Amino acid sequence: MLDKNWRPAEVEARQYARWEAEGDFAAGDAAGADSFCIVIPPPNVTGSLHMGHALNNTLQDVLIRNERMRGRNVLWQPGTDHAGIATQMVVERMLEEEGSGRRELGREKFLERVWQWKEESGGTITGQLRRLGASCDWSRERFTMDEGLSRAVLKVFVALYEQGLIYKDERLVNWDPKLHTAISDLEVQQREVKGHLWHFKYPVEGIENKYITVATTRPETMLGDTAVAVHPGDERYRDLVGKHAILPLVGRRLPIVADEHADPEQGSGAVKITPAHDFNDFEVGRRHDLEVVNIFDATAHMNDNVPEPYRGLERFEARKRVLADLEAQGLIARIDDHVHMVPYGDRGGVPVEPWLTDQWFADAATLARPAIEAVEQGRTGFVPENWAKTYYEWMRNIQPWCISRQLWWGHQIPAWYGPDGTVFVKETEAEARTAAAGHYGKEVALTRDPDVLDTWFSSALWPFSTLGWPDETPELRRYYPTSVLVTGFDIIFFWVARMMMMGLHFMGEVPFHTVYIHALVRDARGQKMSKSKGNVIDPLDLVDKYGADALRFTLAALTMPGRDVRMDESRVEGYRNFGTKLWNAARFCEMNECLPVEGFDPKSAKDSKNRWIVGEVSACGQEIDRALGVYRFDEAANAIYAFTWNTFCDWYLEIAKSHLNSEDEVLIAETRATAGWVMNQILRLLHPFMPFITEELWELFGDGGRLINADWPHYEGLDDADAAAEAKSVIDFVSSARSVRSELNVPWTARIQPIVVGASPESRAVLEANARIISATARTTDFKFVEAGSAPPEGSIQFVYREATVALPVGDVIDIGKERTRLQKEVAKLDSEIEKCDRKLDNEQFLSKAPESVVDEIRDRRAELVARRDAVQAALDQIKEP
RNA sequence: GGGCGCGUAGCUCAGCGGGAGAGCACUACGUUGACAUCGUAGGGGUCGCUGGUUCAAUCCCAGCCGCGCCCACCA
C-alpha cells in the first residue's frame, strides 16, 4: 500500500542512484537507431547550481528523457569548464584571506592550488545536477582542461596559426587594470555614469591669444594627446588645419589635422586625439601617422611618459590634478554635466582602459563567414527563430577576437620565443625546439609565452572535443553533428557563435542542427536575480522544500518562447501539489485494484466512459508530441497537467467509482484495466518532466523494467467521437446540477429527483444510460421524465439540459428570490448574445462575404441560444407564478 | 542611433480575425473511504491609447504612450 503522502526527499536520491548504477544514462548503442545528442553547456567547475542552470538542465533533460524513451541512441554529454578568470579570482581571494597572493606563490605553486581547489569543489555542481535529476552520461564526463581536451586546444591553435587565422598584433585592447589582463569586447559592460564634459582651451602655436577648444569626459587622458582633429568641411577651423596647438601642462606640439572622425555638431567641433587610449583616436592616429603616447601602466597609474608631477598617480587622482592645474591656468572654458557610458570589466568591476599591448588575435571575420552561411542555409536553425537575427547582426560585424589573457589558470599558449623574439608555434616544446634549431642552426634557449587562452576558446571546441577529437572515435562519428544545443541568449556571442565557427572549420559541419534559446530566470516580480538585490532563489532550496520534480515541472511550464521565466515559489508549491494529486490518484487506483492488466487492449473497451478516457489519453499524448516537437515545453507540461488533474482525477475517477460500485463484474474488470492503463500512460507521458515520482509509481503501474527505458506511447485509432460527446454531455449535466444546488445551498446529503421536461429520445437515452454516474456525482435519485409542455413542480429549481428543462424539486431549501435573480441574469446574458448574432445575420455584407461555414455556425449558435433562453425563461415564469 | 520583445482578471501569463481564458489570490459551502498539499460553486476584464484595413479586430497594419533587454556611439 502506498504511503499517504508523496515524500520526494526520500525517493529521489534512491531512484537516481539506481538509474546511475544500472547504467540507464549511458550513451545508447542500439544498432540501427538514430542518434540524439546534446552537449551540456559546461558549468564553471568551481560553481554551484543557480536558477539558470536549473532551467537549462531541466529543459535538456526533458528532451533527453523524451528521446531516450523513443528508442534513440541518446547521449547527453556532461562536463565542466575551467572558467579562467572566474576560477582564478576565487582562488586568489582564498589566498588573500590566508595573507598570501598569487605572485608570492609563483605560477607553478599557484596552479597547484587551483587544481587542488578544482579537486575539492569540482564535484559540487555535478552533484547538484544529479539532484535535479539530470540524466547525463556521467561515465563520459569531461573537463575543458582534461588531457584530451587540452590536446584539442593545442591542435586547433597551431592549425589556425599555420593557416594565418591566429596572429599576434599590437593593438588597443580592453585592459582590466584590476585583473591585469586583456579582455574581449564581450567582457566589457557599458554602464551609465553621471559625469562632466570639460571644455579645454589649447593655445594655437604662433597666434597670440588664439585657442582651440576641445571637450572631454576624461581629462587625465589629455596628457597623452598627440593631435587635435577637426572635420575637413568645417569652415570654422579651415585655416587652422596644418597648424599646431600646444598641449597645456605638457608642452607637446599637437598637429591640427582634418579628419572625418571629428563631428562638427559635437562640442566645439574640435576633438583632442589620444591614440594610445581611445579606439577611435587610435584609428585617427593611424590615418595621420600620429605619435602614440601611452600614459598608463598596467594598473592604470601614470607612467613616465607624463610630466613629473603626475607620475605614479592613479588615473582618477591624475584627473583631479590635471583639472586643478588647468583651472589655475585659466584653460577650462566650460564644464557641463554629462551622462555617458563608461566601459567596465564584467569581472573586475572597474572601468577598463583601452591600452596598447601585444596580444594574440583570431581572425573572427574569416571564421564567421561559413558560420553565417550555415544558418542562412538552415543547416543550423534557431528556436525561437528571431535569435538568428541577433546572431547575424553580431557575426556580420565581428571584430578580431582577442584570445590571449594575462592569467595563469587556463590553456597556456603554445608559442615559444627564441633569443631574438622569433616565435615558434607548436603543439609541444620539443617540436618548438626542433623548429628553433632549424631556424637558428643550433639549439637555443626558448621561453614560452606566459599568456593563457580565453576560456571561450576551449569552450568553442566543446561539441567535438568532448567526443574525442582529434581522435577519430566512434562517438564522434555517431554523435557529431549533435542534435540540439540548449542555452541562454546571453551566451549566443560568447559561445554559440564560436562553436559554429570552430565546428565548421575543423569538422566541416555544423556542431548542432538546432539551437534552442531559452530565457533568463527572474524573480517573481520580474527583477533580475542578483546577490546585491538579495532576491536570489537557490534552486536547491526549492528542491529541498518541494522536490526536484516540482521545480522541474515549474521551470518547464513557465518556459515560453520570448518571455523570461518568473520564478514564483507559489508556482513550485502548486506543482508539488500536482505531484501529490497524482500520488493520491495512484493510491486510489491501488486500493481499487485498478492496475495494468497484461494483454489489455484499450481499443477493446466497451463502456463509453472507458472509451472516452482512452480517447482523452490519446489526445493528450498527441498534444505532448506536437508541443515537444516545436519546443513548447509550457504547452506539453500544461497538457499533461490538465489531463491528469482535470480530466482523469476530477471526472474519470469519479465516474470509475460509480462503475466500481456496480454489480456488473465485466464492467468492473474493464474499468480497473482501463484506469490501470491510463495510469501507466500518464507515467510515461509525465516522466520527462517529473522523472522521480513517475519512476517510483512505475513499480506499481509499470509493465516490467524501469520507466526511464520504457517506450514512448503511440496512439492510433483510440478516439471515439460518440463516447466523447456523450461524456461531455454528462459532464455538462452534472456541472449544471451542482451549480444550481450550490447556488441554493442545497446540502450535499440531500438527494433530489431530477424531473426532466421535454427531453428528446436521444437525450433521454443518454441520461438513462448514465443514471448511476449522474446520481453519484450530482447527488440525484432516479430521473422522472415528463412530456414537453408539462409544468415542472412548484418550488423546484431548474436548469437547461440540451433541449430539455431539468427541474430539481428542493422544497424548503429553495430561495425563490435568489433563484429569480439568477435566472433573470441568465436570460439577459443570453439575450445580449442572441442580439450579437442577429446583428451579424442582419448584415448583408456579412451574409454575402463571410464564408458559409461561419454563417452556418452563427445560425446554429443563435438557434441554440434561443432554445436555451426560452427554456430559462420558462423556468423563470414558473417561479414568478406564486 | 540600430535591433528585439512586452502592455489581456488583483498577480503571473496563455490565446491572436467570427463565442474573452488558465493558474494563483479572493468569496461561499464542504472533511462524502484517493487527495484539505483537497473538493464543489462563485465574483472579477471598454484585451495600453488613437486611427486604418475588414462584413467582422483583443487578434492584422500604422502612429502614439508606457516598460524591458541587446548592440553601437556619444570628444
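If you're wondering where the values come from, they're calculated on a predicted model, not measured in any experiment. The sequence lines fix the lettering, A, B, ..., with proteins before strands; numbering per chain opens at 1.
- Of the options A:R861, A:R862, A:R839, a salt bridge (Lys or Arg N to Asp or Glu O under 4.0 Å) to A:E833 is made by A:R861 and by none of the others.
- Under the side-chain hydrogen bond (donor to acceptor under 3.5 Å, both in side chains) criterion, A:K728 pairs with A:D732, sequence neighbours left out.
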Determine all donor-acceptor pairs shorter than 3.5 Å in which one atom belongs to a side chain in residues 844-860 of chain A; sequence neighbours excluded.
| from | atom 1 | to | atom 2 | distance (Å) |
| --- | --- | --- | --- | --- |
| A:S848 | OG | A:E844 | O | 3.1 |
| A:S848 | OG | A:Q845 | O | 3.2 |

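- An OP1 or OP2 oxygen of B:G23 is reached within less than 4.0 angstrom by no side-chain nitrogen or oxygen of A:N577.
- Rounded to whole Å, the C1' atom of B:G48 lies 8 Å from the corresponding atom of B:G66.
- For the pair A:K581 and A:Y641, the NZ or CZ position fails the cation-pi test of under 6.0 Å to the six-membered ring centre and within 45 degrees of the ring normal.
- With C1' as the reference atom, B:G30 and B:G44 are 23 Å apart, rounded to whole Å.
- For B:A36, there is no paired nucleotide, since no Watson-Crick or G-U wobble pair has both relevant distances below 3.5 Å.
- Base pairing of B:G45 is not made with any nucleotide, judged by Watson-Crick or G-U wobble geometry with both donor-acceptor distances under 3.5 Å.
- Look at A:W645 and you'll find a side-chain N or O under 4.0 angstrom from OP1 or OP2 of B:G39.
- At a threshold of 4.0 angstrom between heavy atoms, the contacts of A:T749 with the nucleic acid are absent.
- Proximity of a side-chain donor or acceptor of A:R236 to a complementary backbone N or O of A:A270 within less than 3.5 Å is not detected.
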Residues 224-233 of chain A, side-chain donor-acceptor partners within the protein, below 3.5 Å, at least two apart:
| from | atom 1 | to | atom 2 | distance (Å) |
| --- | --- | --- | --- | --- |
| A:D225 | OD1 | A:K272 | NZ | 3.0 |
| A:D225 | OD1 | A:T274 | OG1 | 2.7 |
| A:D225 | OD2 | A:Y202 | OH | 2.7 |
| A:T226 | OG1 | A:E291 | O | 2.9 |
| A:H231 | ND1 | A:G233 | N | 3.1 |
| A:H231 | NE2 | A:E260 | OE1 | 3.4 |

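- At the heavy-atom level, A:C837 lies nowhere under 4.0 Å from the strands shown.
- A donor N or O paired with an acceptor N or O is not found under 3.5 Å between the base of B:A72 and the side-chain atoms of A:Q399.
- Partner assigned to B:A25 is none, using Watson-Crick or G-U wobble distances below 3.5 angstrom.
- Spacing between B:G15 and B:G45 at atom C1', rounded to whole Å, works out to 15 Å.
- Looking at heavy-atom distances under 4.0 Å, A:A262 makes contact with a base.
- Pairing partner, B:G68: B:C4, with both Watson-Crick or wobble hydrogen-bond distances short of 3.5 Å.
- Annotation: B:C64 and B:A20 have their P atoms spaced 31 Å apart (nearest Å).
- Of the residues listed (A:F493, A:F489, A:W401, A:W387), the one engaging A:W394 in a ring pair (Phe, Tyr, Trp, His ring centres under 6.0 Å) is A:F493, and it is the only one.
- Checking B:G17 for Watson-Crick or G-U wobble geometry (two distances, each under 3.5 Å) identifies no partner in any strand.
- When the side-chain nitrogen and oxygen atoms of A:K389 are compared with OP1 and OP2 of B:G3, none of them lie within a distance under 4.0 Å.
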Using nucleotides 25-28 of chain B, report all nitrogen or oxygen pairs with the protein that are shorter than 3.5 Å.
none

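- Pairing for B:U54 is absent, with no Watson-Crick or G-U wobble pair whose two atom distances lie under 3.5 Å.
- Using a 4.0 Å heavy-atom cutoff across all strands shown, A:K272 reaches no nucleic acid atom at all.
- Between A:K657 and the phosphate of B:A34, there is a side-chain N or O to OP1/OP2 separation shorter than 4.0 Å.
- A:L520 comes within contact range of no nucleotide atom at all, as no heavy-atom separation falls under 4.0 Å.
- Distances shorter than 4.0 Å separate none of the side-chain N or O atoms of A:T390 from OP1 or OP2 on B:C71.
- The distance between atom CD of A:E393 and atom P of B:G5, rounded to the nearest whole Å, is 14 Å.
- The side chain of A:R522 lies closest to B:C69 when the candidates are B:A34, B:C69, B:G42.
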Between the protein and nucleotides 11-16 of chain B, list every N/O to N/O distance that falls short of 3.5 Å.
| from | atom 1 | to | atom 2 | distance (Å) |
| --- | --- | --- | --- | --- |
| B:U12 | O3' | A:R566 | NE | 3.4 |
| B:C13 | OP1 | A:R566 | NE | 2.9 |
| B:C13 | OP2 | A:R566 | NE | 3.4 |
| B:C13 | OP2 | A:R566 | NH1 | 3.4 |
| B:C13 | OP2 | A:R566 | NH2 | 3.4 |
| B:C13 | O3' | A:R563 | NE | 2.9 |
| B:A14 | OP1 | A:R563 | NE | 2.2 |
| B:A14 | OP2 | A:R563 | NE | 2.9 |
| B:A14 | OP2 | A:R563 | NH2 | 2.6 |

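- The side-chain hydrogen bond (donor to acceptor under 3.5 Å, both in side chains) test applied to A:N843 returns no partner, not counting sequence neighbours.
- For A:K836 and B:G18, the shortest distance from a side-chain N or O to OP1 or OP2 is not below 4.0 Å.
- Counting distance only, with no hydrogens placed and no angle test, the side-chain atoms of A:R738 and the base atoms of B:U40 include no donor-acceptor pair under 3.5 Å.
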